[in-house]
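Chain A is the first sequence line, chain B the second, and so forth, proteins listed ahead of strands; every chain is numbered from 1.
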There are 2 protein chains.
Amino acid sequence: MEQKQKSELTKELILNESFKLFYKEGFKTTSVDKIMKATKLTKGAFYHHYKSKKELGLEVISTKIQKRVYDGMITPLYQDGNALKLLETTFSGRIKSFSLYDKQHGCPMNNFINEIADEEEAYQIALKRIIEEWKAALIHLLERGKLENSINKDISSNAVAIYLISAFEGIRGIRKLYNDDQVIDDYILGLSLYLKQLEP
Amino acid sequence: MEQKQKSELTKELILNESFKLFYKEGFKTTSVDKIMKATKLTKGAFYHHYKSKKELGLEVISTKIQKRVYDGMITPLYQDGNALKLLETTFSGRIKSFSLYDKQHGCPMNNFINEIADEEEAYQIALKRIIEEWKAALIHLLERGKLENSINKDISSNAVAIYLISAFEGIRGIRKLYNDDQVIDDYILGLSLYLKQLEP
DNA sequence: AAAATAAAATACTAAGTAGTATGTTTTTGT
DNA sequence: ACAAAAACATACTACTTAGTATTTTATTTT
């Protein structure tokens with residue numbers, strides 16, 4: 001069983017270095033050579049574990065990126081407490097928590113979406129899965145809020161969920177253009193204004 | 001003066017084909033060779049008119065992409081009429097007007113932002129210029145609305161402008177993941193809900 | 001019409017690309 | 001301890017990349 005563990009460890013190493021490099025330099029412009037140089041292994045090791053760069057890309061999406069979005073934006077939505085407050089703290093808190101590096105490089109998922117989603121259906125599907133889970137969590141929370149009378153019953157949970165996600169992903173891109181947090185502060189203000197109107 | 005015209009025409013041809021290819025396949029993965037094959041000219045012609053691919057990229061941003069955003073999203077904001085209605089028709093109308101191709105490939109500006117804005121300051125500056133103009137137009141319209149009592153004086157024009165832009169750019173990316181317009185319809189609903197709250 | 005200049009073509013370089021073929025080393029089951 | 005298999009290394013292929021050097025063709029200026 002030691003060999004299997006070692007194999008898993010190597011795959012994880014490749015996955016980690018890939019994610020870092022894809023995030024920093026983009027998927028298409030990060031070569032397999034560069035990745036393997038980062039792992040201090042060789043190309044032979046790579047093609048022993050992965051059949052292609054595409055397969056690696058899909059695995060980075062379905063593990064690393066998925067986990068990042070889950071931990072940061074989805075799991076928190078299933079906490080207890082006032083629905084509206086939960087939305088505010090999750091979105092606002094998350095964006096405030098980003099490091100400078102993360103602000104400068106945007107959202108890893110959004111980068112993937114905009115770089116390669118229109119090129120291969122497989123990427124599209126893998127990324128859509130994450131968005132759908134995020135959307136479902138938001139809808140679930142909004143519906144709970146409606147039941148508990150903390151959210152206006154007349155609004156469309158679907159529409160609000162999509163609008164929240166869009167604005168969040170959008171600002172992660174826009175922020176790349178600036179050298180300060182003004183746009184993020186504006187976003188946070190815009191968000192809280194938006195959420196206020198969801199009150200009953 | 002005929003030579004100068006011919007030169008201009010060639011540059012425009014290169015610019016047009018570049019824009020199309022960058023939009024379809026991304027900036028970094030579109031080679032100069034591919035572009036010149038599309039123009040039916042040769043590499044010699046390219047490097048006679050542009051000193052590098054980077055220079056071309058910057059010119060595509062400051063001409064083609066800028067014009068696209070101006071025509072579609074900025075100029076319409078300076079029309080007469082109720083400010084809130086103008087916002088609704090501009091945003092909602094624009095997104096409804098996109099061809100299937102444009103929906104599948106997202107926003108050319110947003111693609112550039114997410115693909116290369118964090119790599120070169122020059123790209124950052126060129127793209128930021130467009131966003132700033134867009135933001136200024138929105139703020140101007142919102143302030144006019146406040147004066148004319150069609151928009152709530154208590155809201156921050158800055159924050160609303162950024163939130164509108166973020167959500168719009170965000171949805172252009174998200175739409176790439178889907179094969180139908182459901183998310184766009186949700187976005188439009190979310191937008192109109194958002195705009196409603198701007199009323200005095 | 002000749003000289004000068006601009007536009008474009010041809011042929012190249014040096015470096016990078018994904019992926020393969022064939023080794024060697026390490027681990028595992030017997 | 002030994003054969004089999006898994007993990008990894010080395011060396012390669014065929015192709016693409018941005019950019020350059022040099023030449024040919026078209027246009028303008030004198």
In residues 57-64 of chain B, what donor-acceptor pairs under 3.5 Å come from side-chain atoms, sequence neighbours left out?
{"residue": "Ser62(B)", "atom": "OG", "partner": "Leu58(B)", "partner atom": "O", "Å": "3.2"}
{"residue": "Thr63(B)", "atom": "OG1", "partner": "Glu59(B)", "partner atom": "O", "Å": "2.6"}
{"residue": "Lys64(B)", "atom": "NZ", "partner": "Asn16(B)", "partner atom": "OD1", "Å": "2.7"}

Side-chain donor-acceptor distances from residues 167-181 of chain A under 3.5 Å, at least two apart:
{"residue": "Arg172(A)", "atom": "NH2", "partner": "Asp102(A)", "partner atom": "O", "Å": "2.8"}
{"residue": "Arg172(A)", "atom": "NH2", "partner": "Gly106(A)", "partner atom": "O", "Å": "2.8"}
{"residue": "Arg175(A)", "atom": "NE", "partner": "Asp180(A)", "partner atom": "O", "Å": "3.2"}
{"residue": "Arg175(A)", "atom": "NE", "partner": "Asp181(A)", "partner atom": "OD1", "Å": "3.0"}
{"residue": "Arg175(A)", "atom": "NH1", "partner": "Tyr178(A)", "partner atom": "O", "Å": "3.0"}
{"residue": "Arg175(A)", "atom": "NH2", "partner": "Asp181(A)", "partner atom": "OD1", "Å": "2.9"}
{"residue": "Lys176(A)", "atom": "NZ", "partner": "Asn111(A)", "partner atom": "OD1", "Å": "3.0"}
{"residue": "Lys176(A)", "atom": "NZ", "partner": "Asn114(B)", "partner atom": "O", "Å": "2.9"}
{"residue": "Tyr178(A)", "atom": "OH", "partner": "Glu132(B)", "partner atom": "OE2", "Å": "2.5"}
{"residue": "Asp180(A)", "atom": "OD1", "partner": "Gln182(A)", "partner atom": "N", "Å": "2.8"}
{"residue": "Asp181(A)", "atom": "OD2", "partner": "Lys103(A)", "partner atom": "NZ", "Å": "2.9"}

For a quick test of your reading: what N or O donor-acceptor pairs under 3.5 Å do the side chains of residues 192-200 of chain B make, sequence neighbours left out?
{"residue": "Ser192(B)", "atom": "OG", "partner": "Leu189(B)", "partner atom": "O", "Å": "3.3"}
{"residue": "Gln197(B)", "atom": "NE2", "partner": "Leu193(A)", "partner atom": "O", "Å": "2.7"}

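Regarding contacts with the backbone of dT17(D), a side-chain N or O of Ser31(B) is found under 4.0 angstrom from either OP1 or OP2.
Annotation for Tyr101(A): hydrophobic cluster partners, listed by chain and number, are Tyr23(A) (ILVMFWY side-chain heavy atoms under 4.5 Å, direct or chained).
Partners of Asp185(B) under the salt bridge (Lys or Arg N to Asp or Glu O under 4.0 Å) rule, at least two apart in sequence or in another chain, do not exist in this structure. Partners of His140(A) by ring-ring contact (aromatic ring centres under 6.0 Å, His included), not counting sequence neighbours, listed by chain and number: Tyr78(A).
Sorted by residue number, the list of members of residues 10-25 of chain A with any non-hydrogen atom under 4.0 Å from DNA chain C is empty. Within residues 34-42 of chain A, the residues having any heavy atom closer than 4.0 Å to DNA chain D are, in order of number, Leu41(A), Thr42(A). Within residues 47-65 of chain A, the residues that place at least one heavy atom under 4.0 Å from DNA chain C are, in residue-number order, Tyr47(A), Ser52(A), Lys53(A).
The one candidate from Leu77(B), Thr90(B), Asn158(B) that meets the side chain to side chain contact (heavy atoms under 4.5 Å, CB included) condition with Leu138(B) is Leu77(B). When each of Ile131(A), Thr75(A), Ile74(A) is checked for a side chain to side chain contact (heavy atoms under 4.5 Å, CB included) with Val69(A), only Ile74(A) meets the rule.
Inter-residue side-chain proximity for Phe19(A) and Pro108(A) is flagged as met; some heavy-atom pair is nearer than 4.5 Å. Counting only heavy atoms from C-beta outward, the side chains of Leu13(B) and Glu17(B) approach each other to under 4.5 Å. Ile130(B) is not listed as a side-chain neighbour of Met73(B), based on a closest heavy-atom distance of 4.5 Å or more.
Phe98(A) and Ile165(A) fall within the same hydrophobic cluster, where Ile, Leu, Val, Met, Phe, Trp and Tyr residues are linked whenever their side-chain heavy atoms come under 4.5 Å apart, directly or through other members.
Using the six-membered ring where Trp is involved, Phe27(A) and Phe112(A) have ring planes that are tilted, between 30° and 60° apart.
Ion pairing between a basic and an acidic side chain is recognised when a charged N comes within 4.0 Å of a carboxylate O; Glu133(B) and Arg129(B) show no such pairing.
When the nearest nucleotides of DNA chain C are assigned to Gly44(A) and Val32(A) by heavy-atom distance, the more 5′-ward of the two goes with Val32(A).
Protein atom CG of Leu9(B) is 16 Å distant from nucleotide atom C1' of dA6(C), rounded to whole Å. Across the protein-nucleic acid pair, Lys28(A) atom NZ and dT16(D) atom C1' stand 15 Å apart, rounded to whole Å.
Recorded end-axis angle for the helix from dA1(C)-dT30(D) to dT30(C)-dA1(D) stands at 10°, based on five pairs per end and rounded to 10 degrees.
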Can you name the atoms? Protein N/O to nucleotides 12-14 of chain D N/O, anything below 3.5 Å, with the distance.
none

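Residue pairs meeting the salt bridge (charged side-chain N to carboxylate O under 4.0 Å, His left out) criterion with at least one member in residues 75-99 of chain A: none, sequence neighbours excluded.
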